[in-house]
Amino acid sequence: MKQLFSFIKKEFLHVFRDTKTLLLLFGLPVVQLTLFGFALTNEVKNAKIVVADYSKDNTTKQLTDKIEASRYFDVEKSLQSHKEIEAAFKTGKIKLAVIFPENFNHDLMHLNKAQIQIIADASDINTATTLTNYITAIVMDYQRQMMKDASIPMTITPEIRMLYNPELKGEHTFIPGIMAMIMLLVCAMMTSISIVREKELGTMEILLVSPFKPIMVIIAKFIPYLIISFFNVTSILLLSVYALDLPIKGSIFLLYSESLLFIVTALAIGLLISIQAQSQQTAMFGSLMATMLPTLLLSGFIFPVESMPLPLQVISNIVPSKWYFIIVKSIMIKGAGFSAIWKETLILGVMTLFLLIVSLKKFQIRLA
Amino acid sequence: MNVPVIKSEKLTKRFGDFIAANELTFEVQTGEIFGFLGANGAGKTTAMRMLCGLSIPSSGKATVAGFDIYQETEKIKKNIGYMSQKFSLYEDLTVMENIRFYAGIYGLTDAEIKEKSEQLVDRLGLHDSAKKLVRSLPLGWKQKLSFLVAIIHQPKIVFLDEPTSGVDPVARRQFWDLIYRATDQGITAFVTTHYMDESEYCNRVSIMVDGNIRALDSPANLKKHFSASSMDEVFHGLAREAKRTAEI
Amino acid sequence: MQNSELKASVVLSGITKRYDKEKIVAVDNVSLSVSKGELFGLIGPDGAGKTSIFRILTTLLLPDGGTATVEGYDVVKDYKIIRGKVGYMPGRFSLYQDLTVEENLNFFATVFGTTIDENYDLIKDIYVQIEQFKNRRAGKLSGGMKQKLALCCALIHKPSALFLDEPTTGVDAVSRKEFWEMLKRLKQQGITIMVSTPYMDEATLCDRIALIQSGKILTVDTPPAIVKSFHGKLFAVKSEAMYKLMNDLRAYQYIRSCFAFGDYHHLLFKDDIADYTWDVLNYLKGKGHNEVEIKSVSPSIEDCFISMAEAEKIEV
C-alpha cells in the first residue's frame, strides 16, 4: 500500500513539473466549457436573410417589420433584384429569402389568400429548416392576429423552396467538411510528423550537413502528401457522386484548383508545426490542436459561424478551413463559378502565402 | 554453509529457433563481484533478465537469493537491486524525491527512508544538490547516486548493466569504490561492462559467446589459461570466434 | 604547438558554447588545430563537449564566442561551402532504419550529387564487409555493421574532412578494433579525420589527440608526447587483496594519489626524488598484504587524463 502511495506521489510530481501538460489538463476543460457553454451552439441566430417586397403594402410592411424585429434574423436591405439575390445565395451571403410577390395584397384582399415565397439555402439543412420554421411561425402568428380582427378568414401560405438540396440530404453539409479534415490530416499532420521524424532519428543532421538545399528537403516531404491528397480528393468526390448520389454542380476543374490551394495551405501549416515540435508526439498533437479542432469547431462545419459571439466570429476568419469550406460548398453544391468565390479564394491565397513565408523563414538550417 | 546467492543449472532461453542463452551453468557466492562479459548479442541481457525475474526461461533451473526463478519471481524482485546505464533516476525529480520514491517502492518504513536518505546524501556529499533536479547533475554523480539508490533496501544482490558507460575516469573509479564497499557489507554485485580494466576488479568473470559461457574464472586464472597478459587479450581471443553479433 | 597554418584543415580559436540561457557552459574557450590528412582524436567522457564542438565544426550550431574554420572556410559565414565538403557521422547511427543498405547508400550519394560508382574505390574496403547484406534493412543490422554503413554514407562523396562523433560507442570490442583499422587506411587517402571517443585506449591509435573534460581542453599533442609530459614517476602495485590495498595505500603518508587500473593500482608519491619502493613494501607487509608487487610503469593516456583533470580541479 505504501508503495502505491509512493508511486502516486511521484506521478503527481511529474505532472506538476511539466508545464505543457498542466496547461492542457487544467486549461482545456475551461476552454471547452467556455466554447460550448457560451459560444458554440447549434441554435441559429443572426442569420443573414433578405426580404424582397414586390408588393409594398401595409401587410407586407407589417410582416417585414415583424421579421426584422426578430433576433434570429439580420435582414440585408440592399438586395432586391432576383439576380442579386441569386448571386448572394451562391456565395453564402444570405441563407434565406422571403419574397412577397407583386399581387400579394390583391390576392389577400380579393381572394382572401395569398402566397409568400420562402427560399432557403439547403446546403446546410439544419440552418435551412430552422430558419424556414422561424419565418413560417412568424407568418402564422401574424395570420392568427389577422383572423382575430377580421370577420373573414384570410390565409397566407408560405411556399417553401429548398435551394441546392431539395431532398434535404445531410451529405451536402458533411462532404465538404470531410474533405477539409482529410486534407488537413494528411498534409498538415503527416508532413509535420515526417519532418520531425528526421529530427528525432538524427538523419536531419546529416541532411543539413550536405550540399542538399534545405528547401529541397521540404519540397521532397511535400510532394508525396500532395499527390496522396489529390487521390483522396478524387476518391471522396467519386464516392459522393456515385455512392451518395451527390452530383457536383460546379466546375470540377475549379474544385480541384481550389483543393490544390488548400493542400498547400495545409502543407504550410504542417511545416510550421514541424519547426516547433521536437518529437513526433508533439507534432501529432500540435497538428490535431491547430488544425482539426478549429476546423471542427470554428469553420462553420458543425456550428454556424453567425451564431457565435463576435470574438469567435472574428477568430473564425483566420481558420483557413472556414474559407475552404465555403468555397467547396459553393462549387459542389451551389454550382458557383469563380466570379462568386474569388474573394474567398484571395483570402485563402493570402493566408497560404503568409504561412509559407513565415515557415520557410523559420526553418532551421541549424540546430541552434 | 555458503549458500550461493545465484545458482544456475542449464538455464536456457529460446526465441523460436534462436537460442539466445544456452544451458548456462554457474554459481555466484555471497559478497562476490561477478563480472559478466560478452559482445553485444552474446546473450548477456537475456541472461540478466532471466535472473532478475523479468523473463521466464525456456528450460533449466535457477535460484536467485534462494528463490526459484519460475515460481518466486516476485520474491526475487524484492531482494535484488537493478541499475542500468540507460535509465536509473527520474530527471525531472530532485535528488531527494528520487531517493524517497525508490525507498518507498522498495518497501522501507518512513523512519528507514529518512535515515537512509540522510545517509546517502552524506555519503556522496550532495548536501548542496539534494533539492536540485537530477537533470542538473553531471553524469558521474547520477551514476553514483543511482547505484546507492539501487541498494537502498540492502538487497542480497545488485545487478549492474554497464553502469559506467561514458563516465569520466575519475568518477568511474569512485563508482567502483562504492561497489567495493557494498560487497564488503555482504551485497553481491553482478556487473556487465565493456571496460576491460573493470573486469579486473571482479572476483570472477564469465565471458559469453554466442549464447554460451565460454570462460568462467578469476581474471588471474583466465589470463594464465589463455596465456594472455591482459583481460583485453583474453576477451578478444574468445570474441573473435563469435559467429553472431547483435541483431538490433 | 601548432603545425604550419598553411596545412591546417580544421582550426578552432577560442570557441565557446553555452546552453540553457547561459547556465551550462558546454564548450569553454577551446582552441586547437588539425592538419590536413591527420587522424585526430577528441578524447573525453560524456558531457565533455565533444558533440557540441563537432556540431559547431559541421555548421550545425552557432558558437557563442570565438571563430572556427574548416578547410579554410568560416563555419558561420561559409557554412554552405563547408556542408558540401565534409562528411559527418553523428552519434546514434543516423540512417534510415526502414531502407536497405543499398538504398541508404544510394540516397546519400544522390543527396551529395554523386553516385556510388564514382567514388566506390574509397569505400570498397569497408563496403565489401557489409555487401552481402545490401538488401537488408538498416534497422536489422548489428551495431558494427550499422557503423560500417554509416561510414560509407559519410565517405560516398569523397569529403576533404570527416567528422565522426563517437562512432565506436555501443559497438562490440571486436568491431571497434576493425573500425580503427579502417580509419587508418582512410588516412592514406589524404582525408582529414576527426574522431571523438570516450575510450581512452583508442587515443593511442590517433596521430594527435585533445583531452577534453567539462568543456575545457586539458592538452593537445601526440599520444607519446602526452605520456612523456606526465608529471611524476608512476608506479603499479598489486597484492592479494586489492580493495584493502587501495585503502591502505590511500592512508599512507607518502602517497600523492592512488587509482585503480585493472589488475594493478597506479600510484604517485608526494615527491619523485626519493625512492619509496622499500618503504611501501614494508608498510604493506606490516598491514598483512601478501604477494605484494610494485614496479615502475609508463603512464597510459588514462593516467595522464586523470592527472590533468585532478590538476585542473575540474568538478566532475
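Just so we're on the same page: letters track the sequence lines, and every chain starts at 1. Please read these numbers as outputs of a predicted model, since none were measured by experiment.
Heavy-atom pairs under 4.5 Å with chain C were tallied for B/Thr183, B/Leu139, B/Asp232, B/Asp177; the largest tally goes to B/Asp177. Heavy-atom pairs under 4.5 Å with chain C were tallied for B/Met231, B/Arg181, B/Glu162; the largest tally goes to B/Arg181. Chain B forms more heavy-atom pairs under 4.5 Å with one residue of C/Tyr264, C/Phe305, C/Phe261 than with any other, namely C/Phe261.
Without hydrogens or angle criteria, B/Asn203 side chain to B/Glu32 main chain gives no donor-acceptor distance under 3.5 Å. A donor-acceptor pair under 3.5 Å is absent between the side-chain atoms of C/Lys17 and the main chain of C/Val25, judged by distance alone. Side chain of C/Asp263 to backbone of B/Glu200: no donor-acceptor contact under 3.5 angstrom is found.
Residue contact with chain C, scored on non-hydrogen atoms closer than 4.5 Å, is absent for B/Pro219.
Using a 4.5 Å heavy-atom threshold, the side chains of B/Arg123 and B/Leu148 count as touching.
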